[in-house]
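Residue numbers begin at 1 in each chain, while the letters A, B, ... track the order of the sequences.
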There are 2 protein chains.
Amino acid sequence: MNIGDVASATGLPAKTIRYYEDIGLVAPRRGENGYRTFDETDLHKLSFVARSRSLGFSTEDCRALLELYNDRSRASADVRAVAEANLARVAAKITELEAMQKTLTTLVHRCHGDARPDCPILEDLAAPTA
Amino acid sequence: MNIGDVASATGLPAKTIRYYEDIGLVAPRRGENGYRTFDETDLHKLSFVARSRSLGFSTEDCRALLELYNDRSRASADVRAVAEANLARVAAKITELEAMQKTLTTLVHRCHGDARPDCPILEDLAAPTA
DNA sequence: ATAAGGGTTCCAGTCACTGGAAGGTCAAGG
DNA sequence: CCTTGACCTTCCAGTGACTGGAACCCTTAT
């Protein structure tokens, strides 16, 4: 398989796949012509990474997870630790964003949003109340 | 005021304040010795930016908001448009993260997390069910 | 005189890509 | 045989919003 095939199979842009090779997440062989040649294992790894990334794991997490995946004797606790750390990050981010959302919603609602110049949003940014 | 005073007043790291000068969000004068000299207006601007950033506005948004703030004849609708766009971004991000959270939570719960090697987390990453 | 604690610049690195230029390869059609 | 177009290659640079670090200057106190 060439990179384009893998791109459509995984949904990852070819650029991204090259980048993943760069940072050592995958190591396809090369054909006579210098083209990358992906086998089923490469494809599987890339799908794994794509799925992991979509769940918020960093590329370093992906590297660790791939290693754990290939280590037949890993403890499931090790995997869970990685997943829990990520879950904590995600939860923290949600909390942070929800606080923003709350404030922004209030401000947007308070602003009449017409042609007049007075604006509660700017007033809050300039000197937040509470 | 020197940069350190502004840093403690705004809570922004000195490095960040220098960066904001770099990208033109603030333009403090310079003293004889080459030190940045911040006046009340600079301080106010930086607080404004800090507050805006904490609500998820990009630095470019901050630039626009500062301009609107200084434009006595702006329409509040213009400000609201910027805020609404940001709110939409924030909401979209929350939705995305909540989807991750949901899946991650399920996976973490499903994993017994002991010394045994079989792990539903890795299984899902390798071949997601549904 | 020196040491501590400011301040300055500039360069490089982060993270995970993404865009673009310049060029090589391959299969099909005229 | 030649061209066209769709692939592929490498390499360099840019994104956003900082952050770290080196090397150096300024000020104040001891």
Side-chain angles (χ1 to χ4, degrees), chain A residues 1-38 42 45-46 48-66 85-86 89-90 92-93 96-97 100, chain B residues 1-39 42 45-46 48-66 82 85-86 89-90 92-93 96-97 100:
Chain A
M1 290 175 105
N2 282 348
I3 201 168
D5 308 315
V6 181
S8 27
T10 59
L12 293 167
K15 276 258 173 191
T16 299
I17 297 171
R18 284 189 201 106
Y19 170 71
Y20 288 164
E21 184 189 22
D22 248 38
I23 63 170
L25 290 184
V26 75
R29 307 177 185 245
R30 295 298 180 118
E32 283 286 301
N33 51 14
Y35 286 18
R36 289 168 184 81
T37 307
F38 298 83
D42 294 322
K45 271 191 190 184
L46 285 168
F48 185 101
V49 170
R51 170 79 173 151
S52 302
R53 292 284 303 121
S54 82
L55 291 176
F57 290 99
S58 70
T59 50
E60 281 316 303
D61 282 345
C62 291
R63 192 192 306 284
L65 290 169
L66 278 174
N86 185 35
R89 271 198 308 272
V90 168
K93 195 77 198 169
E96 191 191 337
L97 287 169
M100 291 180 186
Chain B
M1 291 176 105
N2 282 348
I3 201 167
D5 308 315
V6 181
S8 26
T10 58
L12 293 167
K15 275 255 172 193
T16 300
I17 297 171
R18 285 190 201 104
Y19 170 70
Y20 287 164
E21 185 189 22
D22 247 38
I23 63 170
L25 290 185
V26 74
R29 306 177 185 243
R30 295 299 180 118
E32 283 286 301
N33 52 14
Y35 286 18
R36 288 168 183 81
T37 307
F38 298 82
D39 59 22
D42 294 322
K45 270 192 189 184
L46 286 167
F48 185 101
V49 170
R51 169 81 172 151
S52 303
R53 293 283 303 121
S54 81
L55 291 177
F57 290 99
S58 70
T59 50
E60 281 317 302
D61 283 344
C62 291
R63 192 191 306 283
L65 290 169
L66 278 174
V82 176
N86 186 34
R89 272 198 308 271
V90 169
K93 195 76 197 170
E96 192 191 336
L97 287 168
M100 290 180 188

K.L.:
Do B:V49 and B:V26 have side-chain heavy atoms sitting under 4.5 Å apart?
P.N.:
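B:V49 does not reach B:V26 side chain to side chain.
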K.L.:
Nearest to the B:R53 side chain among D:dC25, D:dC11, D:dC18, which nucleotide is it?
P.N.:
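Side chain of B:R53 sits closest to D:dC18.
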K.L.:
Taking only the side-chain nitrogens and oxygens of B:R18, find out if one of them lies under 4.0 Å from OP1 or OP2 of D:dT19.
P.N.:
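For D:dT19, OP1/OP2 do not have a side-chain N/O of B:R18 under 4.0 Å.
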K.L.:
Would you kindly give the OH-to-P distance between B:Y19 and C:dA12, to the nearest whole Å?
P.N.:
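Rounded to whole Å, this separation is 18 Å.
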K.L.:
Establish, with yes or no, whether the OP1 or OP2 oxygen of C:dG6 is under 4.0 angstrom from a side-chain nitrogen or oxygen of B:R36.
P.N.:
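Indeed not, no polar side-chain atom of B:R36 lies that close.
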K.L.:
Among B:I3, B:D42, B:D22, which residue meets the side-chain contact (heavy atoms from CB on, under 4.5 Å) test with B:I17?
P.N.:
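With B:I17 as partner, B:I3, B:D42, B:D22 yield a single side-chain contact (heavy atoms from CB on, under 4.5 Å), made by B:I3.
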K.L.:
Looking at D:dC8, C:dG7, D:dT19, which one has an atom nearest to any side-chain atom of B:P13?
P.N.:
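Within the option list, the nearest is D:dT19.
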K.L.:
Need one value for B:Y20: base, sugar-phosphate or nothing, where a base atom within 4.0 Å counts as base even if backbone is also close, heavy atoms only.
P.N.:
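Sugar-phosphate contact only.
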K.L.:
Please state how far atom CG in B:L12 lies from atom C1' in D:dT19, giving the value in whole angstrom units.
P.N.:
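About 14 Å, once rounded to whole Å.
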K.L.:
Could B:R18 and B:E21 be called an ion pair, given the rule that one side-chain N must be under 4.0 Å from one carboxylate O?
P.N.:
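Here B:R18 does not pair with B:E21 in a salt bridge, since their nearest N and O are not under 4.0 Å apart.
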K.L.:
Does OP1 or OP2 of D:dG16 have a side-chain N or O of B:S58 closer than 4.0 Å?
P.N.:
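False: B:S58 side-chain N/O out of range (4.0 Å or more) of D:dG16 OP1/OP2.
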K.L.:
Could you give the CD-to-C1' distance, from B:E21 to D:dT19, as a whole number of Å?
P.N.:
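The distance from CD of B:E21 to C1' of D:dT19 comes to 17 Å, rounded to the nearest Å.
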K.L.:
Whole-Å distance between D:dT10 P and A:I17 CD1?
P.N.:
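From A:I17 CD1 to D:dT10 P: 14 Å.
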K.L.:
Roughly how many Å is it from CG in B:L25 to C1' in D:dA17, rounded to a whole number?
P.N.:
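Roughly 11 Å, once rounded to whole Å.
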K.L.:
Taking all non-hydrogen atoms of both residues into account, name the closest pair between A:R89 and A:G56 and its distance.
P.N.:
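Between these two residues, the closest heavy atoms are NH2-O, 4.1 Å.
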K.L.:
Would you mind classifying the nucleic acid contact of B:I23 as base, sugar-phosphate or nothing, using non-hydrogen atoms under 4.0 angstrom?
P.N.:
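Answer is nothing: B:I23 stays at 4.0 Å or more from every strand.
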K.L.:
Are B:K93 and B:E96 close enough for a salt bridge, meaning some N to O gap below 4.0 Å?
P.N.:
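Looking at B:E96 together with B:K93, the answer is yes, because their closest N to O distance falls below 4.0 Å.
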K.L.:
State whether A:T59 places a side-chain N or O below 4.0 Å from either non-bridging phosphate oxygen (OP1 or OP2) of C:dA16.
P.N.:
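Answer yes for this pair, as a side-chain N or O of A:T59 is under 4.0 Å from OP1 or OP2.
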K.L.:
Nearest to the side chain of B:R30, heavy atoms from C-beta on, is which of D:dT19, D:dT9, C:dT8?
P.N.:
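When the side chain of B:R30 is considered, C:dT8 is the closest of D:dT19, D:dT9, C:dT8.
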K.L.:
For B:D22 and C:dC10, give me the distance from atom CG to atom C1', rounded to whole Å.
P.N.:
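That distance rounds to 10 Å.
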K.L.:
Check whether any side-chain nitrogen or oxygen of B:N33 sits under 4.0 Å from OP1 or OP2 of D:dC25, and answer yes or no.
P.N.:
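Negative; the distance criterion is not met.
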K.L.:
Can you check whether A:R63 has a side-chain N or O nearer than 4.0 Å to OP1 or OP2 of C:dC15?
P.N.:
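Answer is no, no contact under 4.0 Å.
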K.L.:
Given atom CD of B:E60 and atom P of D:dG16, what is their separation to the nearest angstrom?
P.N.:
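Atom CD in B:E60 sits about 7 Å away from atom P in D:dG16.
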K.L.:
Nearest whole angstrom, please: distance from the C1' of C:dC15 to the CZ of A:R89.
P.N.:
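Distance check: A:R89 CZ to C:dC15 C1' gives 12 Å.
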K.L.:
Between A:K15 and A:Y35, just flag the one whose closest nucleotide in DNA chain C comes earlier from the 5' side.
P.N.:
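The residue closer to the strand's 5' end, by nearest nucleotide, is A:K15.
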